[in-house]
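Since the structure comes first, as C-alpha cells, the remarks are kept for the end.
As the structure is a computational prediction, the values presented were derived from the model and not from experiment.
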Amino acid sequence: MATTGVVAALAAALCWAVSSSLWRRLSTSLSAAQLNLVKNLLAVGIQLPVLLLGGWLVSPLALVLLVASGVLGIALGDSLYFAALRRLGTRRTLTLEAGGPALSLLGGALFLAEWPRWPQGLGVALICLSVALVARQQPPPGTAGVVPLPQGGQPLGLLLALAALVCGSAGALLSRAALRDSALPPLQSATLRLAAAAIVMLPLLWRLPPPGVRPRPLRRRWPLVLLATLLGTSAGIVLQQTALQHLPAGLAVALLATAPVLALPLAGLEGDRPGLGGLMAAVLALAGVSLVVGLGWRG
C-alpha cells in the first residue's frame, strides 16, 4: 500500500466532506448542471497555468481515457450528485456514495485485473449495509441557515445519488486505467479531466440567467463558491488523481468513501441529527473501509 496514495485519498475525502456542506448552504437559482458548469469553469481558470506548462508525458490512449473520465465522472456524475445533494442533504448523499467501493472493486477486478482478497468482500458488504441503513432514514423537515430540503424529494434523491455513484465509479476506473502506466502528474491529469467536463457542458453557459435577474446578494455567494470549488473541485480532484495513481481503483475509492464519516460533525450545521441509525451506518462504513484498506490486494 503506498502511503502517498492513502494520505491523498483521506485528504480528498475530507475536502469533499467540507465542500459538500458548503454547497448545501449555497442558495441559488441555478440548476444542478449549471452549478456544476460554474464550479468547473472556475476550477479550470484557477488551474489554467498548468495547461500552459510543457512536459506533458501522456500517451494518446491515456489522454482519451482521462477525457472520458472527466465527461462521465465530473460533467455527468457531479451534476447528478448536486441534484441529489439538494434533496438528501450532505450526510445521506455522501453515505450513499460509500457504495462506490462495491462498483469499483468489481470493475477493477473485471477490467483492470486488480483482484481483492475475500476480506475485501466482507468490507464491501458492510459498506452496502451502511447504505441501506441511511436510505431508510427520513430527511429532516427543515433546517436553519441552509437551503431547506424539498418535501417528497427523497425517492428521486436516492435515484440521483445512485446514478452519480455509477458515473463516479466509472470515472475513477477510467482514471486508474490511464494513470497506473503513466508519468503524468496528478495536477495535470486533474486539469485535463476538468477541462473536458467544462467543454462538453459549455452549451449550458448560454442558459445561465442574466446578471440583472439573478437573486441577490451576489457578493456573499462568491466567497462560498470559491472556497467550495478550491476544496472540492481543485484540491479534491488533484488528491483523488494522486490516490488513483498510487493505489488500485477499489482501494482508492474505498478510502475516498470515508467522506460520510468525516461529514458527521457537519450534520448539525444543517439541522440534521444522525441518530442511532446514522451512527451505526457510519461505524459500519468505517469498519468496511478498514477491512478493504487493511488487507492486501492481488494484481
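With rounding to the nearest 0.5 Å, the separation of CG in Leu165 from CG in Leu160 is 12.5 Å. Here the CG-CG distance, from Asp78 to Leu72, works out to 10.5 Å after rounding to the nearest 0.5 Å. The CG atom of Leu66 lies 5.5 Å from the CG atom of Leu179; values are rounded to the nearest 0.5 Å. In this structure, CG on Leu192 lies 10.5 Å from CD on Gln47, to the nearest 0.5 angstrom. Note that CG of Leu156 and CZ of Arg87 are 4.5 Å apart. Values are rounded to the nearest 0.5 Å. Note that the CG atom of Leu37 and the CG atom of Leu202 stand 6.5 Å from one another [nearest 0.5 Å].
Counting all heavy atoms, side chain and backbone alike, Ala197 lies closest to Gly70 at CB-O, 3.5 Å. Across all their heavy atoms, Ala243 and Gly5 have their closest contact at CB-O, 3.6 Å. Between Ser234 and Ala43, the shortest heavy-atom contact is OG-CB, 3.8 Å. Across all their heavy atoms, Ser79 and Ala33 have their closest contact at OG-CA, 3.6 Å. The nearest pair of heavy atoms linking Ser19 to Gly232 is OG-CA, 3.3 Å. Of all the heavy atoms in Ala249 and Leu244, the pair that sits closest is CA-CD2, 4.3 Å.
With Ser104 contributing its side chain and Gly250 its backbone, the two residues share no donor-acceptor pair below 3.5 Å. For the pair Ser69 (side chain) and Leu65 (backbone), a donor-acceptor distance under 3.5 Å is absent. Between the side chain of Arg193 and the backbone N or O of Gln241, no donor-acceptor pair lies under 3.5 Å.
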Could you walk me through whether Asn36 and Tyr81 pass the side chain to side chain contact (heavy atoms under 4.5 Å, CB included) test, one step at a time?
CA-CA 9 Å; Asn36 189 19; Tyr81 175 81; over 6 Å; no
Ser175/Gln240 under side chain to side chain contact (heavy atoms under 4.5 Å, CB included): CA gap, chis, key distance, verdict:
CA-CA 10 Å; Ser175 285; Gln240 177 200 44; 5.7 Å; no
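Between Ile199 and Val71, the closest side-chain pair of non-hydrogen atoms is not below 4.5 Å. You'll find the side chain of Val38 stays beyond 4.5 Å of the side chain of Met201, heavy atoms only. Using a 4.5 Å heavy-atom cutoff, the side chains of Ile46 and Thr233 are not in contact.
Both Leu22 and Leu14 belong to a common hydrophobic cluster when Ile, Leu, Val, Met, Phe, Trp and Tyr are linked at side-chain heavy-atom distances under 4.5 angstrom. One hydrophobic cluster holds both Val225 and Leu231 under the rule that ILVMFWY side chains link at heavy-atom gaps under 4.5 Å. Tracing side-chain contacts under 4.5 Å through hydrophobic residues (I, L, V, M, F, W, Y), one never reaches Leu251 starting from Leu112; they form parts of separate clusters. Hydrophobic clustering, with ILVMFWY side chains joined whenever heavy atoms are under 4.5 angstrom apart, groups Val18 together with Phe82. Hydrophobic cluster membership differs between Phe111 and Leu247, with clusters built from Ile, Leu, Val, Met, Phe, Trp and Tyr side chains linked at under 4.5 angstrom.
Looking at residues two or more places apart in sequence or on another chain, you find a salt bridge (charged side-chain N to carboxylate O under 4.0 Å, His left out) between Arg176 and Glu114.
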